[in-house]
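Owing to the predicted nature of the structure, the values given are computational and were not obtained by experimental measurement. So you know, we letter chains A, B, ... as the sequences are listed, proteins then strands, and number each from 1. What's counted below: heavy atoms across the whole structure, side chains too, no hydrogens, waters or symmetry copies.
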Amino acid sequence: MRLRWGKNNIAFMVLFLVVVAIGIWIENQYYLQVMTFIGINTLLALGLNMLMGYAGQISLGHAAFYGLGAYTSAILSVHYNVCPWLALLGAVLTVSLIAFVIGMPTLKLSGYYLGMGTLGFGMVVHVLFREWSTLTGGASGFVGIPPLELGPISFLSIRNYFYLVWFILLASMVICRRLIDSRIGRALRSIHDSEHAARAVGVDTENLKLMIFVFSAAMSAVAGFLYAHFVSFISPGSFGFLASIRMVTMVVIGGMASIWGALLGASLLTLLPEWLHAFADYEMVVYGAVLMLVMILLPQGLTRGLMDIYERSRK
Amino acid sequence: MQEFLQYLFSGITNGAIYAVIAVGFSMLYSSTELINFAHGEFVMLGALTLVTLWSGLHLPLVLAFIVTVGIVSFVGFVFERVAVRTVKKPDHIVLVIITVGASIFLRGIGMLLWGKDAYSLPGFSDHQPLDIGGATLLPQSIWIMAIVGAMVLGLYYFFNRTLTGKAMRACAISKRAAWITGIPAGKMVLLAFMMSTGMGGVAGVMIAPITMSSYDMGTILGLKGFCAAMLGGIGSLWGAVIGGFLLGISEAMGVGLISSSLKDAIAFVLLLAVLYVRPGGIVNAGDVQRF
Amino acid sequence: MSTQKLTKNVVLLLCVIFTICLLVSSWAQAASAYKIGGIFAVTGPASFLGDPEKKSMEMAVKAINDRGGIDGHLLETVIYDTEADPTKGVMAVNKLINKDKVLAIIGPSTTPTTLAVINFVERARIPLISCAAGIQITQPVKEWVFKTAQSDVLAVASLYSHLKAAGIQKIGILTVSNAFGESGKHQLEAQACNFGIEIAQAESFGAKDTDMTPQLTKIRKVSPQAVVCWGTNPGPAVVAKNVKQLKMKMPLFMSHGVASPKFIDLAGDAADGICLPSGKILVAGLLPADDLQKEVLIQYIDQFESQYGGKVSGFGGYAFDAVNILAEALKGSGGNRALIRTAIEKIQNHIGVSGIFNFSAAEHNGLGPDAFVVVKIKNNTWELLR
C-alpha cells in the first residue's frame, strides 16, 4: 500500500515540476492561455470521470454545474461585491446543494434514463441562465467579472492564472487519488461493477452515488469559477447541451476510471480545434473524423490505448 | 377555445416531427441497445438530399423520396461497417461517443455539400392550411402523421410477423444465443442500422417542407427526438410516438398557457416529472439498461 | 513496468511535444507586410454573419494590395473561425496577438464573443474593430475597441419612427431567444414610449424552432395593429409563413437581421409586404444619384457578387468597412498600434457600406440614424420607403 502511494506521489511530483517549468520557460502568452484552458477542462473531466469512470453513472447535463459555479461566483462578486475567494466558497456550496437536491431523485434512474434525467436538468438550467436576465445578464452574457488577486499576487497575468489553475488541478488530482485508494473508492468501483452485488455486501449505494455526484458537481463548480474570473465574461451558450457532451467525450476519449485519462482527454479536445485551424471549412469534418478514429482504434481511451501500444512495442 | 385548439395543432405538428425522429432512435435501440447520437444528422441528410433532388434537379417527388431514403440508408450502411463494426471492444459508452464524433463529421460534410444557408421547400400537396374550428393545421402535418402511423405499423408487422424481424429481436435479447441458433448477428446489426438511418431519412424528407433545412438542423432535432424516445420508453415504438406527441404538445401548451420564453424548460420539467414517476418511460419499456 | 511510471512517461512525452511545437513554430513573414487579424463566426449559428464578413475582408485586402498596399507595405491577413463561441474567440484573439503578432484585429461577428475578448484586447493594447451590433461594445467607450455594425438602437428608432408615421400605436413583438433578439427586445421596450407605441404582447421563440403559431395566436388575441418580429434567419421566415397560415391581417415588420435576399428565398410568398429597417445596401440601385453612399455600395456589390457569386447582404459590409477604416488609419502609422488607434479616432466622413462614419474619442461606432432606411419587400425584391 505504501509503495503504491509512493509511486503515485512521484507521478504527481513530476507533473508539478513540469508545470513549474512550463510556467517559467514558456514566454508566449497564447500557449500559456491554451494550457490554462486545458487545466480548466481537465478539472471538468476529472470530476466527471470520478462519476462516470469509477461510479459508473452517466451525466449528460454536467455543464449545468460548470455554469452554475461560474454564474454564482460572478453574481456574488459583481452584484453583491463579495470577495472572489468567498464567492468561490459560495459557488461550491450552492452547486453542491443543488447537486444534492437534484441527485436524490435523479440517481434513482439508471442507464440511459439517468443520462436523460441529467440532460433534462442541464436544459432547464440553461434556460434559467438565458431568461433570468436581471440576475445573469441573459443571452447577452455577464460582463465585468473581477479578476483574482491574493494579497500582493495579482492573477491578471496569464502566467499567474496558469499557475493558479494547475495548482488547484494538482491538488484535486491528489484528492481524487486519495479518494480512489480509500475504502470509499473501493466501494465506488464495486458499484460500477455491479450495483446489486455491492448492495448485497452492505455497501450504501444510494448515499455513495449521491456523494460522488455532489463531489463531481463541486469540481465542475470550481472549474466554472476559474473560467469566469479568467475570461471576465460568461454567457449561457458556453454551458449548454453541447458543452455537456464535450465533457463526456473528454472523459471517454481520455480513458474512464483514470485520473490521467482526464488530462489526456481534456488536452486532446482543447488542442485539436486549435491545431485544425488551418483546415478552415474542413475543420468540422476532420474533428469528427479524429474523434471517431481515436475511439475506434483505442476504445479503452487514450491512456490505456497508448500504454497498450507502448507495452506491445516493447515485446 | 380557438386558441387552445391552435396550440394543440401546433403541438401536433411539432409532435409528429419529434415522433417520426424518435421512432428511428427507438428502433435502433430495440435491435442493438445502442443510442445513435448522430441520428439527427441522418435526418438532416434526408432533408437536404430531398432539397437537391426535388427542388434542385426537379425529379418527381416519389422518385426523389425513394432515392433520398436509399442514399441515407447507404450512408448508414457505410457508417456501421466503418465505425461500429470495427470497434474491438464495443462498450456501449464508446459506441455512443463514436456516434457523437460521427454527428460532428456528418455535420461538417453537410456544410461542405450544401453550404451554410438554409433551404425551404413547398409542401407535398398544394392544399391550403386546413381550417378546423377556427384553428389552422398545415396539410404537411397530416402527411407526417400518416407516415409515422405507416412506419410504426410496418415495424410492428416486421418485428412480430416476419422471420427477419424476429431474428433481429433475438439478437437484441442476446447476441450469443441468437448466433448459436444460426442467426447472422452481424448482418442483423447492419440491417438494423440501415433501417434506422433510412427512417431518419424518411423523417428528414417529411419535415423538410415545414422546417427550414440547414446543415445544423440535426442537433436540436436529434436531441428532441432522443428525449421523445426516452420519454415514451426507449426501445418501444409506440412509446416513441406517444413520447413525441407528448413532448410537442407540452411545448406548445407551455408557450400558449404559460410563457414562450420558458418553453424548453417547461417541456423538460415535464420530462423529468414523468421519469421520476415512471423510470422506464411512459410505456415502461422493460428492463432498464445500464450503460 | 508499473502503470504509474508509464503514465508519468506519457505525461513527460506530452510535455516534450509541447516543447517541440514551441521550438518548431516559426513565423516566417515578409518583414515589410502589415499583418492584420480577423476573427469571425465563419461556421456555426452565426455563419450568415461570419462567412460574408470573412469574404469581404479578404476582398477588401486584395483590393488594397492591388493598389500597392499602405505606404508601400502590403497587407497580410490571418483569419480564424470562432464558431460564435466566446471561448474560442478568446483563444483566437490571443493567438492573433501573441503568436501571429498582428497590428490590429477585425471582428468578432457576434456581441457575446466581442464582450469576451474586450478585456484581452484592452490589456494587450491592440485596436479591435468589431462587426457586432451590441450597444455595450462601444458604450461606455473603451479605449481600444471600435465597431462598424449599426447598433440596434438605431434600427429600432428607424422602425419606430416609421410606425409612428403610419399611425400605429399598439403592437405585438416576437423576439428570438439569443443575444440579438434579447438586445432588440430591450431596445423595443425602452424606446416604445418615445414614439407613443404600446407593446401589448411580447413573445419569444427559439432560433431553430419550426412552428411559431402558439406565440402568434397569443399576439393575435390582443388585436395589435402590427406585429414586429426581431430575429435572424431562418426563424423569421417561419414566422412570416405562420402569419400567412393563420391569416393574420395586420402588417408584419422585421429587423435588420433578415436584411438579406436569403430571407425572401426562405419565406417565399409570405415575405410580400413585410417592411424592415436596413442598411442602404439592399436598395443601392434605387438610391437617388446624389446619395453619398451610392457609389461605394454599387462598387462593393459588383465586386462581391462577381468574386463570390450569389446575392450580397449588408453583413459582409461590416468587415469591408472595418478593413477600409483600418487601412486609412494605418497610413503614416508605421505599424505602431497606439498611432493606429489614435488615427481611427480622427476619421471623419468615411463613406462605407454600412453608413457614413464619424469617429471621435467619445464615439467609437461613428454611425448616425441615417445609416438606416426602411425597405419593403414587394414581388420578391426590395423597395425603398424612406
Side-chain angles (χ1 to χ4, degrees), chain A residues 52-53 56-58 60-61 102 105-106 108-128 130-131 133 192 194-195 241-242 245-246 248-253 256 279 281-301, chain B residues 29 33 35 37-38 82-84 86-112 116 215 219-220 223 226-227 229-231 233-234 259 261-272 275-276 279-281 287-291:
Chain A
M52 282 179 64
Q57 309 294 310
I58 188 169
L60 295 178
I102 291 294
T106 314
K108 294 206 170 40
L109 306 166
S110 52
Y112 290 120
Y113 292 99
L114 173 60
M116 191 64 246
T118 50
L119 194 153
F121 168 67
M123 298 290 290
V124 172
V125 170
H126 180 253
V127 171
L128 216 74
R130 203 184 64 207
E131 298 300 327
S133 34
H192 184 183
S194 165
E195 203 167 323
F241 172 64
L242 288 176
I245 293 291
R246 238 176 115 238
V248 173
T249 310
M250 280 195 271
V251 169
V252 178
I253 278 200
M256 299 213 285
F279 282 96
D281 269 0
Y282 291 86
E283 187 181 322
M284 217 187 285
V285 173
V286 177
Y287 184 79
V290 169
L291 285 185
M292 282 202 286
L293 276 171
V294 171
M295 286 273 70
I296 292 172
L297 297 175
L298 303 173
Q300 301 270 49
Chain B
Y29 183 84
E33 293 197 332
I35 297 280
F37 269 110
V82 169
V84 177
T86 53
V87 182
K88 272 160 283 173
K89 279 201 198 134
D91 210 6
H92 281 292
I93 190 69
V94 169
L95 290 171
V96 166
I97 298 296
I98 292 181
T99 61
V100 169
S103 80
I104 299 175
F105 179 78
L106 287 172
R107 216 178 312 146
I109 298 274
M111 189 178 82
L112 292 172
K116 297 162 189 144
Y215 78 98
T219 321
I220 302 265
L223 176 64
F226 172 64
C227 296
M230 297 300 296
L231 185 60
I234 190 80
S259 154
S261 49
L262 299 177
K263 154 174 74 107
D264 291 326
I266 294 168
F268 280 103
V269 165
L270 178 86
L271 193 129
L272 289 173
L275 280 182
Y276 290 158
D287 230 0
V288 167
Q289 170 65 30
R290 287 190 64 85
F291 92 98

Taking all non-hydrogen atoms of both residues into account, name the closest pair between [X] and [Y] and its distance.
X      : Y      : value
A:M284 : B:Y215 : CE-CE1, 4.0 Å
B:V96  : A:Y112 : CG2-OH, 3.7 Å
B:A83  : A:M292 : CB-SD, 4.3 Å

Can you confirm whether [X] is buried at [atom1], in the sense that more than 12 heavy atoms of other residues, nucleotides or ligands lie under 6.0 Å from that atom?
X      : atom1 : result
A:L128 : CG    : yes
A:Y282 : OH    : no
B:Y276 : OH    : yes

Which of the residues [options] is involved in the greatest number of heavy-atom pairs with chain B at under 4.5 angstrom?
options                        : result
A:I253, A:L119, A:V286         : A:L119
A:V125, A:V285, A:L242, A:L291 : A:V285
A:R130, A:E131, A:K108         : A:E131

Quick one: what part of [X] sits under 4.5 Å from any heavy atom of chain A, side chain, backbone, both or neither?
X      : result
B:M230 : both
B:T99  : neither
B:K116 : side chain

*Please tell me if the side chains of B:L223 and A:M123 come closer than 4.5 Å, counting only heavy atoms from C-beta onward.*
yes
_With heavy-atom distances below 4.5 Å as the criterion, would you say the side chains of A:M116 and B:I35 are in contact?_
no
*Top contributor to chain A contacts, counting heavy-atom pairs under 4.5 Å, from B:S261, B:G108, B:S103*: B:S261
Distance (rounded to the nearest 0.5 Å) between [X] [atom1] and [Y] [atom2]:
X      : Y      : atom1 : atom2 : answer
A:T106 : B:L275 : OG1   : CG    : 9.0 Å
B:L271 : A:F121 : CG    : CZ    : 14.5 Å
B:L272 : A:I102 : CG    : CD1   : 7.5 Å

*Positive for side chain to side chain contact (heavy atoms under 4.5 Å, CB included) with A:V252, one of B:V100, B:I97, B:I98*: B:I97
_side-chain contact (heavy atoms from CB on, under 4.5 Å), that's the test. Do A:Y113 and B:I234 meet it? Break it down for me._
CA-CA 9 Å; A:Y113 292 99; B:I234 190 80; 3.3 Å; yes
*Please step through side-chain contact (heavy atoms from CB on, under 4.5 Å) for the pair A:H126 and B:D264, ending with a clear verdict.*
CA-CA 9 Å; A:H126 180 253; B:D264 291 326; over 6 Å; no
*By ring-ring contact (aromatic ring centres under 6.0 Å, His included), which residues pair with B:F226, not counting sequence neighbours?*
B:F25, B:F37
*Contact class of A:V290 relative to chain B, heavy atoms under 4.5 angstrom*: neither
_Proximal component of A:V127, with respect to chain B [non-hydrogen, under 4.5 Å]_ = side chain
